[in-house]
Amino acid sequence: MKALMSLGALIGVAGLLLLGGMVFDVVPSTTIRLVEGYMPIQMLLEVACYVIGFTGLSYIMGAMGMAIPRFWQGIGFWVFLMLYLKFRVYPPIPFSVRAMYGTVGLVTVFMWVSANEEDWNKFKQPIMNVLDAQTGMKRLLRYAYLVAIPILVGGFSFNAMMPKSEEPIELRTVHPAPPASTKVHGKTYTLQTSQNPYRVNPEGKYDQEFSNANIVEQGMGRLMKPNANPWDDKNQGYLKYVREGGEIFFQNCHFCHGDNLNGRGLHAFAFNPIPANFTDPGTIAQLQETFIFWRVAKGGIGLPNEGFPWASVMPPWEQHLTVDEIWKVVLFEYWHTGYYPRTWD
Amino acid sequence: MGNLISEAFSMGWMALAILAGLLVYFQVSIGDPAAKKRAVFKTFIGIISCFLLFMAIANYKTNFYGESRLLPVSLVMITVTTFIMALYFTNLGALLKIGGMMFFVAAFLSGYGNWLPQVEGGFPPVEEKKTWDSMTPQQLADEGEKIIFGGVGKNKEQGAIGKGQCPLCHAFHAGMLGERAPNLLGLPTRGNERLDDPKYSKGNPSKREYEVKEAFPGSGTAETAQEYIAESHACPSCYVVAGYGVKGTNDKQSPMPAIHKPPISLSLPELAAVDAWMYLREGIDPPSFEDLVKSYEKFIPEADRPKQADEKPAGATSLMADGSEPVDQIFAKGQCISCHTIPGIPGAVGTIGPKLEEGTTASQRIKDPTYKGTAKSPTEYIMESIVDPSAFVVKPFPDNTMPKVFGQKLSAGALKKIVDYLSQVKTGAPPPKI
Amino acid sequence: MSALNNPVVAVIVSLIITVGYFVFVDHYLMDMQGLDFWYLFRN
Amino acid sequence: MGLLAGKRVFSIMALCMMVGLLLLPIVVALPSPAIGGDAPAGDAAKKDGDKVEKGRDVYYKTEGIVVGAPAPKTTDGPKDYPRYNFESRVLLWFANQQHLYYGSFVLAVPIFCMIIEFMGVVTKDKALAKRYDQLAYDFIKISLTAYSLTAILGGILIFTFLTLYPAFFSYLSGIFRPVMHIYALMFVAESGTLYIYYYGWDKMKEGFLKWIHLSMSVILNVIGTLLMFLANSWIGFMMSPAGVDEQGRYLGNIWHVIHTALWNPLNLHRILGNMAFGGGVVAAYAAYKFLASKTDEDRAHYDWMGYIAMALGVAFLIPLPFAGYWLMREVYAYRQQMGITLMGGLLAWLFIIQATMIGILFLSTNYYLWQAMGRMRGAEKYQRYIKYLVFILACGYMVFITPHTMVMTPAELKAMGGQQHPVLGNYGVMSAKNGGINVIITTTVLSFVWYMRGNKVSTVSWAKFGNIFMGVFFACAYFNIIFLAVYGYYIPANVRVGLSVPQVATTLSCLFFMFALNSVMMKGAKQMGPIEWGKISARSQYALIMLATAFTWMMGLMGYIRSSVRLFWHVNEIMRDNSPWAYTHTVGFAANMISANVLFFWISILFVFWLGSLTAKKVPVESRAGIPGSVPQPAASH
């Protein structure tokens, strides 16, 4: 038990030192990198390591007779969590999510310190001591609180009520519910039933299985089946359409959406928000092909009500591209990112 | 804040006054100084919390519809009040604390809901009323597509069919089968070619060699492509495209029914809508609605025009016949008469399909060595022929000519009536009674 | 019974049972929906 | 002897009468569709063949003879939408919600009574049996007052409908005419049975009569459940109409109208929801009594009562997410558009709140169980490890509530370079959330197992193996859930959905196997000390209140979501809402409204509790109930 706890303490100290070092640039901030693709689990595991580390630390400190009071343990852990979320994860976590996590953290710290009567009493002890004010020091502290807390509360409420000139918060539903049908170039497409006319097998029939088979690795994308090179001029059918879509993409789209389709094109950072990142599993990978068709054709101005505040500079491409060209571009986007269009059955 | 306080006063002054009265009453009536002090103190707390309560209510009242994120604050105020009161009113302590806790939970969740982004669902799209003349060409074309195919965007679906029943005979897309009637792709541009056809004899209907010379006496012939389309709808036998006439009439008579007459009975605006779709789907701007209707008025006399479809509820059923009609009407509504000759049925002189004398022929065909169907009896054979026409194709007629949609488009009752009738038709015998 | 009271043996036996159970259940339920563990690698 | 036999005959007669009452509506109803539906149509057919109009069912696609009027096309104005100077919709919302709260409460409580009474009958321990019996009696006493309130609120609801939405209500009642009559008759049967059940409690205490009494509660619940099914058919019809043609004309088949696409999922979801809700309300009652009680004896009783109610409630809470999942699946199958509006579109933020609520419910449950370990000696050995459970729960919860679309300032947006966060974005999709909630539920199961073995030490010979096996099983379950959640990222979205099934299976395996194994191991286990009822901390009671309030709130929220997904339709795609309130409210407004509903419900139900305690005072049969001095006076406090 003791050995285990010592190990935990070791992990805790090492972790804290490393984190502190990375935050304050003592050691290179890439010493332990959050690896793209593994980050979500990595983050959970890291936090778990810290919890083990803290447990070990508090055990060892207790054994050495320098136990940290439960009160400070609780507060300390919560502060640590907030700092970790703020500084460790890059890109920074939005304030709203940090607020949610902070609240959950506060609740769980409370659940932890009040899980049993003994712990709860230990936790309350410092508060009770101040309230009771048996010693002169405590009494002084109590008076200090008596003055400080109202001032603090007043300050907070003043801060909250004070008119501020902030950029308004961006609230938008990224994937609003599509309309039932959309009209492009005078033709009506029912989004639920329409199909990409170029997603075809060698017989010329719509066949998603066939085109999916041309994509070897999901997510990472861009790995091709042997002999499936769309840039080959001799290609016919699906791969030819992919190539044509690629040409249209690089003539029209890549300035914003980037040549890796990751939303970081030449002009991307002139816009706010920056263009959609198709390599992200949260964009085209979880949408139907017709949804993309609708978005490309109608652009930012075609967003429905719930897409408020319509913050998109995407032009309505139906004014520049033919229907066929739009379908081909969509085909290319899926091929290049290596995702499959979503289907519902 | 100021108006909140005054609002709270105006709502709660009675309660506050009663409490204040109690305060005075206790001051006067209670003798024991300790008890008096306690009572007065409690009443004082009561006044404050009562006032806070009214302030909270006032806040709710003024901000109920507002965007104010302060609403939860009033709930928190109530929570704090109840917990403070619970300290002093020990009798009600549990109730107050529970109430406070509940207020707190509700306040938290309410606040959370208000903290999240606020999106309001917009008003619904305006309900479409079929006001034909104010429709944009696209809307008109959509209506047309609904009439032809039964729904917007259904024109490529196999077997999609609307109340116009056009796809039963006509094909609409390049390369699609059209043996019973011309493929209608390119119709708007083809109209002019037809007018130039000497057989059409533009401007001189009496020289026509077709069975019907004019749509109605004095209607004349079409002058524009649109009028040609209108005439074709109103009077199919006024001009028959070579090869599509009723067999044996040497293309003098068309198997197509007049669309404005029963059983299809499209109204003029509906016909206009159908035409609008024909134009628009090929990227051609259709003539205006008024012009479209005018072109039909030329060929359909006032008395023949079907009344607006709005009078009887439209689209109640997508069936051609539901079985309540007499059998000859079923044959007419199902358009069987266009292709088949059926003894005893008026107008059923079509020759695209075999003559239907199933009382005699059905049993012969089941015995035919090439028969691969599953029917065992004549009635089963007839049913199979209707529902699954390709199961056995009578020589020398081609396969895939008869639509395969009758299984869905005729009710069971209608099918039964057809089968009953056909199984009684025997070669050489007088036709059965309808 | 002493074998069962040996923690190492107990851990190994329970590991075999539980892992077997979960693999079986997962496989069966995923199979019903046209999925399996190797979906990712199969082509 | 003769007296006893007479009693027996009497009681059997009473039972028969109740069965008769139950069957009466069906007997009455059987000819009614025939009279109302076929017969006039047949006559008409004879008279004039052309007049018979046929219609096609919008859902079942069958043919039917049109017998009803088409759905009215309403226009804004006093004719179709008469109103006060206020939003009629909000008034209706309020009336509906209150009726639903009380309705589900009075439906759930008799089911508890049935279970508890049954437990009392089969328990061998005489003292415990008496306690169970008393508990069941306490429950039904509370529900009696609530029952009449339900009826009153139902009346208010109908009047609200009639006065504010006359066109809509007359259309609905035109279609559901026979169902509404059956409903009314069933209501009569329900009250009759309830009164006999309640007032016959003391008379039918012993032996055979007790069994009769118990079967009466079964009948009572059957009637109650059928009542709810009928009421569900109305909302099911509004969401996913069937049995009418495109214009909303009734086609004569009442079964089609009742049995719509969403009827069965709604039924299941509502039964489970009602049970969990009922458990919550009773637990809150017990918590209130606990906090108010002055003696140890009372405290012990109400502690126990709260525990039983909580356990029953949670037992139905655990399958609830899965029933909800089924409902969602059916919604998607019925109209994909509707599903997207719910989960990804307009109403998606409400689902974030819902996720928060589910988390709160499970967190409070766990917290209560940990607190409850404090009242038994010997549980200390587990208490040390609670902090790890807290951590696992918190991780699952944080993943579960991470929104897919995050709220952020433009500066943050720029820093992130897009809407998608590379780390948290992955928590925002279904795969991770399924993992999160399954981790939470599995942890709850673990807490329960710890609680059940808190003061016991297994004495079976394979105890060591059993303990290790359980540990390994839980570890593997966690691993399996997380593995499947991660695996979901690597396969396409439409296939990924299939992974939730094995995840759920893992959680349920934990639930069933671990409970079973634990109870086998704990059979004849050595007790470290008794459970000291009443020695639980006050905090635990607040957890119960939290549970109850949160559940009430969630019910209001889910009801709102279910109702608002119809957007601007009274009856989906059949009858449009043309009132000026055909838009969907903001999340904040809905949250405020739900809070107001919840608070009103609790204030009124506290009043009902207070009424219950008044009768307890008057009837000194079991004098343990009414505690002098603790009688609350809500009239003065609110």
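Chain letters run A, B, ... following the sequence lines, proteins first and then strands; every chain starts at 1. Just so it is clear, the structure is predicted and the values come from calculations on it, not from any experiment.
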Answer yes or no: is there a side-chain heavy-atom contact under 4.5 Å between D:F400 and A:V104? no
Check whether A:L81 gets within reach of chain D through its side chain, its backbone, both or neither, counting any heavy atom under 4.5 Å. side chain
Is it the case that more than 12 heavy atoms not belonging to D:M528 sit under 6.0 Å from its CE atom? no
Is it the case that over 12 heavy atoms from other parts of the model lie below 6.0 angstrom from the NZ atom of D:K381? yes
Among A:V51, A:T55, A:D119, which one satisfies side-chain contact (heavy atoms from CB on, under 4.5 Å) with D:K387? A:T55
Mind checking the OG1-OH spacing from D:T402 to A:Y101? Nearest 0.5 Å is all I need. 2.5 Å
Any ion pair linking D:K535 and A:E117 (charged N to carboxylate O, less than 4.0 Å)? no
Tell me, with the steps shown, if A:V107 and D:Y397 meet side-chain contact (heavy atoms from CB on, under 4.5 Å). CA-CA 11 Å; A:V107 169; D:Y397 188 34; over 6 Å; no
Under 4.5 Å from a heavy atom of chain A, the part of D:I386 involved: side chain
Applying side-chain contact (heavy atoms from CB on, under 4.5 Å), run through D:W370 and A:S114 and close with a yes or a no. CA-CA 9 Å; D:W370 302 332; A:S114 68; over 6 Å; no
Can you find a heavy atom in the side chain of D:Y427 that is under 4.5 Å from one in the side chain of A:M43? yes
Between atom CE of A:M111 and atom CG of D:L389, what is the distance when rounded to the nearest 0.5 Å? 9.5 Å
Is there side-chain contact between D:I482 and A:I41, with at least one heavy-atom pair below 4.5 Å? yes
Using 0.5 Å steps for rounding, measure from the CD atom of D:Q371 to the CG atom of A:N116. 8.0 Å
For the student: nearest non-hydrogen atoms of A:M100 and D:I352, plus distance: CE-CG2, 4.5 Å
Using heavy-atom distances under 4.5 Å, tell me whether A:A268 contacts chain D through its side chain, its backbone, both, or neither. neither
Side chains of A:F110 and D:R539, heavy atoms from C-beta outward: is any pair under 4.5 Å? yes
Non-hydrogen atoms of chain A under 4.5 Å away: do they reach the side chain of D:L363, the backbone, both or neither? both
CD (D:E380) with more than 12 external heavy atoms under 6.0 Å: yes
Quick one: closest heavy-atom pair of A:T108 and D:V390, and the distance? O-CG1, 3.5 Å
